Amino acid sequence: MVRTEINTLLQRVSVGTRVNVKGWVRTFRSNRFISLNDGSTIHNLQCVVDFEKMDEELLKRITTGACLSITGILAESLGKGQKVEVLVENLEILGDSEADVSKGDVYPLQPKAHSLEFLREIAHLRFRTNTFGAVFRIRHAMTYAMHKFFHDRGFFNIHTPIITASDAEGAGEMFRVTTLDPKNPPLTENGEVDFREDFFGRQTNLTVSGQLEAELAALALGKVYTFGPTFRAENSNTARHLAEFWMIEPEVAFADLNDNMDLAEANLKYLVQYALEHCADDLAFLNQRALDEEKNKKKEERSEMSLLERLQFVVENPFERITYTEAIEILEKSKPNKEKKFQYPIQGWGTDLQSEHERYLVEKHFKKPVILTDYPKDIKAFYMRLNDDGKTVRAMDILFPGIGEIVGGSQREERLDYLRKRMQEMHIPEQELYWYLDTRKFGTAPHAGYGLGFERLLLFVTGMTNVRDVIPFPRTPKSADF
RNA sequence: UCCUCGGUAGCUCAGCUGGUUAGAGCACCUGACUGUUAAUCAGGGGGUCGCUGGUUCAAGCCCAGCCCGGGGAGCCA
């Protein structure tokens, strides 16, 4: 018999007919009620067995985590917790799940709340929980919506390389890619490792950004975006950093910083709106989950809005757009600065903002997403377009409540002489990036783009608080299990 | 990398000023009950107190080093 997925059965169109479901047991109550989940939805299907007619040995094997194939009649439920249920006629155990601690390997998930830290240690099984089922269904929906957003606007998806030779992007420490024998590498006359003998005949690394390659494509195809994994070998241990993460990097020819901000704001709002429309059940669960978590917090640490309210708020309200210079003025006059509550007092114009300053602007002063623009050139990358004041660049960072920087972007420096000067100032060798400079030599054009951290977006959409819980298999310093 | 908190049963945690045989809830096992909603009731089993060393008559508790995890910071997306 053909299997029907639980999300289809719960729509109640086939009540009264014989159906087959396959899934994993969440709970088995009263020797009678199986709560079955098949991943198609966060909701479980209640399957009712007549224990008087069932083989007792078979009943004992219905344990949390066991995989079952059940055939029976879909009926209106007599109980109050659900609209429909399946009256079991035939039950087959596809896979047992040991529950008896004395018998060794036991299924570690119990019908109760587990800590996220514990579930991270069993990342291969955490898909089976409500929370991670919801998170990864939403992750899929956001992936799809991301492609749809750009496709619908005439963008082309570009697959930029994962292995790169350039060592000059300055976006962070890189992972080396090599096939040389680490114990006995070929050496040059100077005694250094001879990478001419390596697989690619030179040093190579995992990409830290597809931006420079995306710019090449944008200056021919017009509007492009990348969506792929990126790698940073930074020893950063925070809830917002991964060594392997996914990034979306649009790049648009003939666009300036304002176009860039408009696109990024539309991009974020589209995705949040998509989640509200298409992931309602999973979001309702995560909303309740977050509310339950909040109960354990002190009053002053609780958020003013629920997850669903925050999402709705972002969709409905324009992001605040201010320059770096204006932000410094606000921060200098701010209460915590005057009362010396900041760990890092505002040092005046020119220094980078600390996390606590960004949080003040977003969470206390404006209480909405903020786009900061026109940063001092000395604290930003070489490729950002210099403003006429000679001091600031056409950069923009989008700051989100609870998350911090979710987007970083800029109008790119399209003028060859300015770009060369900036590279010299920052000691970036031209020959490393000759191909990048070629775009400015041959038919250069104004253009702009940004990078959007996918996991940070997912933090916001799901209400989770650690990026390790929105990617299936997190890679962080000292941790690459599974 | 720095600061800080933590590591006790399969899970979540308690364990006082160092002092007898290390506790609870959930999970598990046995039994009862059977329209339950993380079912309920009774009974039972279950411990390398992160690791190594030290102090002490005595260490889960104190000291040192190390490992691992959380939170914060830096760096950034």
Side-chain angles (χ1 to χ4, degrees), chain A residues 25-35 43-52 60 63-65 75 77-82 85 87 98-122 129-130 170-173 208-211 229-249 264 296-297 301 342-344 352-356 358-359 379-381 397-400 403-409 450-460 465-469 471 476-479 481:
Chain A
V25 176
R26 285 294 172 79
T27 61
F28 183 35
R29 291 182 295 271
S30 300
N31 233 7
R32 185 188 278 267
F33 304 102
I34 304 166
S35 214
H43 298 300
N44 301 327
L45 180 68
Q46 174 155 291
C47 302
V48 188
V49 296
D50 189 345
F51 59 91
E52 282 157 344
K60 280 192 174 172
T63 55
T64 301
S77 178
L78 301 174
K80 284 175 184 163
Q82 57 284 315
E85 62 193 16
L87 307 172
E98 185 55 63
D100 188 343
V101 177
S102 67
K103 288 180 181 164
D105 287 343
V106 162
Y107 186 61
L109 295 171
Q110 299 162 18
K112 65 173 233 176
H114 294 282
S115 69
L116 294 173
E117 293 80 16
F118 171 66
L119 293 172
R120 234 170 264 155
E121 289 169 12
I122 51 164
T129 63
N130 286 331
E173 288 294 309
V208 292
S209 163
Q211 180 202 314
T230 23
F231 308 88
R232 305 270 169 95
E234 304 279 356
N235 187 15
S236 42
N237 296 287
T238 84
R240 289 176 297 283
H241 291 84
L242 293 163
E244 175 182 298
F245 64 101
W246 290 68
M247 193 154 62
I248 295 92
E249 295 177 289
N296 299 325
K297 286 188 189 168
E301 287 171 12
F342 283 139
Q343 196 188 332
Y344 299 89
D352 210 351
L353 299 181
Q354 305 292 324
S355 293
E356 59 179 345
E358 295 180 351
R359 236 182 295 121
I379 57 171
K380 286 292 178 185
D397 283 1
I398 302 186
L399 310 177
F400 259 42
I403 289 154
E405 185 180 344
I406 196 168
V407 163
Y450 58 88
L452 164 57
F454 192 50
E455 282 76 20
R456 293 202 180 163
L457 172 71
L458 286 170
L459 284 187
F460 184 74
T465 52
N466 192 317
V467 278
R468 291 164 202 183
D469 297 326
I471 189 167
T476 53
K478 299 268 149 48
S479 166
D481 295 333

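Lettering follows sequence order; numbering is per chain, from 1. Just so it is clear, the model here is predicted, and its values are computed rather than measured.
Residue H114(A) is classed as a sugar-phosphate contact, given heavy-atom separations below 4.0 Å to backbone atoms only. Within 4.0 Å (heavy atoms only), I406(A) reaches sugar-phosphate atoms of the nucleic acid but no base atom. Contact annotation for K478(A): backbone-only contact, meaning every heavy-atom pair under 4.0 Å involves sugar-phosphate atoms and none involves a base. Within the 4.0 angstrom heavy-atom criterion, base atoms lie near Q82(A). Nucleic acid contact class of F118(A) (heavy atoms, under 4.0 Å, all strands): sugar-phosphate only. Within 4.0 Å (heavy atoms only), T27(A) reaches sugar-phosphate atoms of the nucleic acid but no base atom. Here Q46(A) lies in heavy-atom contact (under 4.0 Å) with a base. In this structure, Y107(A) reaches neither bases nor backbone, as no heavy-atom distance under 4.0 Å exists between it and the strands shown. Residue T238(A) is in base contact, counting any heavy-atom pair closer than 4.0 Å across all strands shown. Across all strands shown, D100(A) has heavy atoms under 4.0 Å from sugar-phosphate atoms exclusively, and none from any base. If you check every strand for non-hydrogen atoms under 4.0 Å, N44(A) touches nothing. Within the nucleic acid shown, R26(A) has no heavy atom closer than 4.0 Å to any nucleic acid atom. Heavy atoms of G453(A) sit under 4.0 angstrom from primed sugar atoms or phosphate atoms, though from no base atom. Residue contacts for Q110(A): at a heavy-atom cut-off of 4.0 Å it reaches a base atom on one of the strands shown.
As rounded to the nearest Å, rG60(B) and rU55(B) have P atoms that lie 16 Å from one another. Rounded to the nearest Å, the gap between the P atom of rC26(B) and that of rG71(B) is 29 Å. Across the C1' atoms, rU34(B) and rA39(B) are found 10 Å apart, a figure rounded to whole Å.
In this structure, the aromatic ring of F245(A) is positioned over the six-membered ring of the base of rA77(B), centres within 5.5 Å and planes within 30°.
Between the side chain of R240(A) and the base of rC75(B) there is no donor-acceptor pair of N/O atoms closer than 3.5 Å. One donor-acceptor pair, N or O on each side, does fall under 3.5 Å between the base of rG35(B) and the side chain of E85(A).
Nearest to the side-chain atoms of K112(A) among the listed nucleotides rA77(B), rU12(B), rU36(B) stands rU12(B).
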